[in-house]
There are 2 protein chains.
Amino acid sequence: MATTFDVLAEPTRRRILDLLLERPRSVGELVDQLGLSQPGTSKHLRVLRDNGFVRVRQDAQRRWYELRPEPLEEIDAWLAPYRRLWASRLDALERHLDSMPDDDAG
Amino acid sequence: MATTFDVLAEPTRRRILDLLLERPRSVGELVDQLGLSQPGTSKHLRVLRDNGFVRVRQDAQRRWYELRPEPLEEIDAWLAPYRRLWASRLDALERHLDSMPDDDAG
DNA sequence: CTTGAATATAACCGATAGGTAATATAACTG
DNA sequence: CAGTTATATTACCTATCGGTTATATTCAAG
């Protein structure tokens with residue numbers, strides 16, 4: 001099976017996640033939004049399901065897909081040790097901005 | 001060219017990033033650590049370079065590879081809108097823990 | 001129990017990625 | 001400049017992935 005990163009490497013799958021971030025959607029709705037064939041869409045949804053990115057609720061013939069946070073949290077955790085690479089820079093920027101006189105009309 | 005996620009989808013490349021997080025390394029050092037052929041290693045380094053994950057310093061015949069933060073920051077930024085999916089849960093946990101009596105001997 | 005709607009699965013195909021072995025390039029060493 | 005070391009590039013092979021079309025499944029409606 002694929003890793004979390006493999007799943008996210010696919011642009012269409014990232015678009016699906018974007019769409020599901022707004023609200024749960026049926027397959028047909030996703031097909032329309034993506035401009036991809038129904039089987040193609042279902043295939044991506046299968047990958048997302050198998051890897052825990054989404055879950056499905058069935059409602060008659062419709063399947064409602066919705067986001068699950070776990071795999072994205074995993075990415076967030078993976079990033080953690082790398083954050084020190086830029087965290088200090090951000091801190092410096094923040095201190096700099098804090099030290100500036102308030103002048104909204106830039 | 002590949003996207004940031006494509007680059008990270010490759011396990012060997014993630015291992016390289018891990019190794020470079022500790023300190024800059026020469027190609028030979030990476031070859032040893034990865035147990036991969038030299039050309040294979042160079043190929044991955046090329047991808048990492050082309051996508052801004054690493055930069056190279058030359059020192060005679062040796063090339064020292066070191067991390068660059070930008071692409072990882074990009075991932076961090078990509079994650080931002082999704083964080084609300086679990087941020088509230090973490091907040092709740094935090095509030096819960098804060099409300100507990102201090103009792104280190106759990 | 002047939003029909004139609006919504007979705008999933010299967011079979012197939014072409015492009016791409018990652019691995020290896022072979023070769024090229026570049027720089028120091030004498 | 002010949003030899004050696006360190007790395008990059010090329011050529012090639014195989015496996016996998018994403019797309020499509022065709023088909024199966026499931027459920028509601030009549």
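Chain identifiers are assigned alphabetically (A, B, ...) following the order of the sequence lines, protein sequences preceding nucleic acid strands; residue numbering begins at 1 within each chain.
Atom CG in A:L45 sits roughly 10 Å away from atom P in C:dT7 (whole-Å rounding). In this structure, A:W64 places its CH2 atom 11 Å from P of C:dA6, rounding to the nearest Å. If you measure from atom CZ of A:R62 to atom C1' of C:dG4, you get 13 Å, rounded to the nearest angstrom. Distance, B:R25 CZ to D:dT7 P: 14 Å, rounded to whole Å. Note: CZ (A:R57) to P (C:dA6) measures 17 Å, nearest angstrom.
The OH atom of A:Y65 sits 4.5 Å away from atom CG of A:L45, with the distance rounded to the nearest 0.5 Å. A distance of 7.0 Å separates CZ in B:R25 from CG in B:L20, rounded to the nearest 0.5 Å. Here CD1 of A:I75 is found 12.0 Å from OH of B:Y82. Values are rounded to the nearest 0.5 Å.
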Given protein heavy atoms under 4.0 Å, the one-letter contact record of nucleotides 9-21 of chain C, with B base, S sugar-phosphate only and - none, is simply B-B------BBBB

Using a 4.0 Å heavy-atom cut-off to protein, can you give one letter per nucleotide of nucleotides 25-30 of chain D, 5' to 3': B if the base is in contact, S if only the sugar-phosphate is, - if neither? --BS--

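Contact annotation: the side chain of B:L8 approaches that of B:L17 to within less than 4.5 Å [non-hydrogen atoms, C-beta and beyond]. B:L34 is not listed as a side-chain neighbour of B:H44, based on a closest heavy-atom distance of 4.5 Å or more. Between B:T3 and A:R14 there is a side-chain heavy-atom pair separated by less than 4.5 Å.
Residue A:Y65 places at least one side-chain N or O closer than 4.0 Å to OP1 or OP2 of C:dA8.
One hydrophobic cluster, built from ILVMFWY side chains closer than 4.5 Å, cannot hold both A:W64 and A:L67; they sit in different ones.
For B:L72 against A:L79, the heavy-atom pair with the smallest separation is O-CD2, 3.9 Å.
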